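Right, one structure below, let's go through it.
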Amino acid sequence: MVSKWLIKENSYYDSVTLMIITKEIEARDDVENAVVVMGTDLNKDLLNNVGLLNDEINKTTANDLIIAVRMKDESKFDEILAKVDELLNKKKSDAGEDYTPPTLDSAIKYMPDSNMVVISLPGAYAAAEAKKALENDKHVMLFSDNVTIEQEKELKELAVSKGLLMMGPDCGTAMINQVPLCFCNKVNKGNIGIVGASGTGTQEIMVQVHRMGGGCSQVIGTGGRDLKKEIGGLMMTLGIQALANDDNTDVIVLVSKPPAIEIAEKVLKTLKECGKKAVVDFIGGDDELIRKYGFIAASSLEDAAYKAVALAKGEEPKDAPIFTESEDKIDKLAAKEREKLASNQKYLRGLYSGGTLCDETLKLFTKEFGGIYSNIPLTPEYKLEDNKKSYKHTALDLGDDEFTVGRPHPMIDSYMRQQMIVKEAEDSEMAVLIMDVVLGYGSNEDPAGSLADHIKLAKKKFADRGQYLCVVAYVCGTKADPQNYDEQVKKLEDAGAVLMPSNAQAIRFAMKVVRGVIKC
Amino acid sequence: MIKTDQICVINALKIGDGVEEILEKSDSRLKVHSIFEHAVNLINDNDWIITLLPEDYSAGPQAVILAQEDFAKFKSLGLGAADTLDFNELISIKNSQTIYRRSGYKPVPEDIIKAEGNNIYFESLLSQKGNKNGLLGKENIYSRYAAPILSEFATLFLQKRFDEAGEKLLGLIGLGPGLTPSGDDFVLGVFAAIYSFRMSEDIISGLKDIMVRKAKNKTNIISYNMLRQGAMGGFIEWVEDMADAVIYGDPQQIEAAFSEMLKIGSSSGSDISAGILFGMTNILALINNKEVK
């Protein structure tokens with residue numbers, strides 16, 4: 001082993017650069033020890049302790065930079081010097097293993113070849129960082145909300161002018177080149193590309209595609225406001241064009257809440273021009289318009305996946321079955337649940353972590369029963385007076401802003417849902433409690449486990465009153481997800497919940513239970 | 001001397017409350033000390049530094065904040081280390097906002113139980129997300145060196161032997177990696193905790209005196225300027241926000257403040273935070289008369 005050193009007198013470099021140099025030198029196989037410090041007395045003491053002090057280093061002052069190295073082969077020190085010079089002058093580096101850049105600037109400096117930036121910051125800062133990323137020619141996924149629509153438009157126009165993706169604001173789900181971003185399930189690789197303006201809607205389609213034996217090529221999120229008139233579907237059209245140019249994508253699925261008619265036409269026209277097969281789910285929107293452009297409309301998120309998988313396999317797409325199990329078996333199960341209810345139990349209560357899953361429930365329930373109250377109602381007359389107090393049939397999106405102030409999203413933190421389960425159990429008129437459990441990257445490590453005790457407690461409260469509570473749950477996840485799908489299902493079943501294989505089937509089953517106890 | 005007659009005067013957006021005094025003492029003539037991508041340090045004959053920063057950086061007592069384009073304009077002058085300039089000919093602080101240090105008007109903390117809970121939360125956050133290249137690391141040469149010093153400080157502090165405790169802190173100055181060595185950052189954090197907690201003058205004066213008089217030869221001039229200001233209760237806003245959040249805030253405010261702290265240098269934000277945590281822990285132990293482990 002030999003010791004080599006470099007001294008730069010009266011030289012000041014920012015700490016990030018010094019740290020990168022240290023990592024760079026330490027990463028070499030031929031280096032045993034490297035110290036990059038200012039020449040203070042204490043640091044010289046430490047260099048002495050590790051056998052790297054010599055007369056020349058001892059003469060340095062606190063304003064001098066010392067780079068001291070113990071290495072196997074003296075002749076290789078020139079390589080190190082060249083690398084140090086490059087780093088000091090160009091301030092450019094490769095990615096290390098355990099360095100987390102504290103700012104976007106240092107991240108870009110640290111990983112100059114990166115091409116995407118994921119931003120999750122308070123809204124007030126998010127737009128400025130997104131703009132900076134776009135100006136540095138990086139694609140952006142903007143998880144943050146509270147970005148104004150004017151800022152969103154400016155960002156997306158800048159992105160389009162540069163041919164970059166600007167996913168968001170409020171974009172929770174994406175998968176680019178098989179890399180999951182933010183909330184995302186682990187699914188098979190395949191030939192179905194999704195452009196989604198809704199996070200859990202996109203996750204539900206991904207999950208169902210996977211379970212049906214299909215797979216996804218790319219999943220591009222747009223943020224929930226992209227199809228509003230003010231934004232004009234800028235990112236959905238760019239997303240479609242990106243999938244059109246992606247050789248791994250044969251079938252495109254679009255999912256969003258119903259857009260304004262002119263925006264829908266613009267999006268469908270772009271889809272037509274791209275020439276690929278497509279399924280469109282404008283959840284509860286105008287199916288005729290979709291068919292007019294020659295595309296397949298979906299009646300539910302599960303149906304969108306079902307039809308996309310058929311197209312991907314070169315088969316004729318058909319409607320997804322109402323239930324995976326036979327309707328007879330489902331009817332018997334529903335009747336069994338219904339029989340246990342007391343005569344005064346009549347209402348459905350939904351506690352959702354996924355906004356689009358809640359929205360789908362509202363639509364399917366409204367189609368059958370005429371209406372359901374919510375904090376995100378389909379029509380204003382069904383808006384709850386107090387969003388934390390259910391009224392008659394109610395389904396709540398607990399991921400909506402007012403429930404998440406000062407708290408993480410309910411897909412991460414079950415606290416709010418735990419409280420709401422216990423609160424709902426005080427209402428003896430509730431008959432069915434329905435809920436989603438969303439698995440995947442970004443979600444709670446054990447969402448079912450965090451809810452199971454509260455489900456049991458709610459059921460016990462009903463039992464103590466001589467009543468019964470029917471709990472219906474849907475686990476939106478795959479067996480490849482990090483949470484262990486089978487264990488999650490078992491925890492809910494052990495707590496007494498009836499599990500259904502899709503969000504649409506869960507609400508259909510819940511309606512079967514409720515339908516028998518009230519006059520429609 | 002740089003010829004400035006062709007240059008339009010740049011209007012500063014904000015200045016720290018120590019800037020005017022430095023300019024007065026040096027008759028506005030300063031030397032360029034060092035130039036970084038996002039900072040330019042100017043120094044007077046008494047080794048006081050004024051730091052020019054672009055507007056998205058946090059202001060400290062010796063900082064002058066410029067609009068992004070003005071900062072770029074200043075750098076485009078092509079100044080080099082040791083060049084001399086007349087600050088007032090280049091930059092006007094007449095209409096700038098002065099950022100005052102907060103140590104003078106903080107309320108004395110009343111809810112000690114809340115501060116204790118916050119401190120535990122802060123410790124957990126720091127251990128999960130802090131950069132462990134400096135004193136925060138458990139197994140590097142710097143933290144091993146610092147461990148006995150911190151232990152002795154804790155004992156002396158609890159025994160109210162504040163001057164001796166201050167001497168112990170001096171033993172960390174100049175220790176570790178970074179432009180501002182980790183030990184300096186850590187000590188700054190201890191001061192931030194002490195000032196934010198409104199500790200009495202008899203505690204502060206001894207520590208301050210030791211730091212101002214004896215730290216100068218133990219570290220580089222940039223770091224000494226930071227330390228000297230910290231010893232007198234002057235910190236950049238992010239540091240004050242961090243210490244205040246631990247004492248008066250809630251977990252969300254602590255997380256928000258810590259995310260800003262992580263923007264400071266490479267490991268500096270983590271090391272300053274570790275100093276705040278250490279300072280807070282010892283202050284709370286002093287109040288509760290408990291031994292720090």
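Just so it is clear: chains get the letters A, B, ... in the order the sequence lines come, proteins before strands, and each one is counted from 1. Since we're looking at a predicted model, the values are computed, not measured.
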According to the interplanar angle, ranging from 0 to 90°, do the rings of A:Tyr12 and B:His33 count as parallel (below 30°), tilted (30 to 60°) or perpendicular (above 60°)?
tilted

Max heavy-atom pair count under 4.5 Å with chain A, selected residue of B:Ile173, B:Ile222, B:Asn220:
B:Asn220

At a 4.5 Å cut-off on heavy atoms, which part of B:Pro181 comes close to chain A: side chain, backbone, both, or neither?
side chain

Side chain, backbone, both or neither: which part of B:Asn41 has an atom under 4.5 Å from a heavy atom of chain A?
neither

Could you check whether B:Lys214 pairs with B:Glu167 (Lys NZ or Arg NE/NH1/NH2 to Asp/Glu carboxylate O, under 4.0 Å)?
yes

Among B:Ile141, B:Asn217, B:Ile221, B:Thr180, single out the residue with the greatest number of heavy-atom pairs under 4.5 Å to chain A.
B:Ile221

Looking at A:Leu18, A:Val37, A:Val36, A:Asn43, which one has more heavy-atom pairs under 4.5 Å with chain B than the rest?
A:Asn43

Contact part of B:Glu260 toward chain A, heavy-atom cut-off under 4.5 Å: side chain, backbone, both or neither?
side chain

Between B:Lys216 and B:Asp47 (salt bridge meaning N to carboxylate O under 4.0 Å), is one present in this structure?
yes

Is A:Asp64 in contact with chain B via its backbone, its side chain, both, or neither, using a 4.5 Å heavy-atom distance?
neither

Which residue pairs pass the side-chain hydrogen bond (donor to acceptor under 3.5 Å, both in side chains) test with at least one member in residues 44-59 of chain A, sequence neighbours excluded?
A:Trp5-A:Glu56

Is atom NZ of B:Lys14 surrounded by more than 12 heavy atoms (other residues, nucleotides or ligands) closer than 6.0 Å?
yes

Contacts of B:Tyr57 meeting ring-ring contact (aromatic ring centres under 6.0 Å, His included) (sequence neighbours excluded), chain-then-number -> B:His38

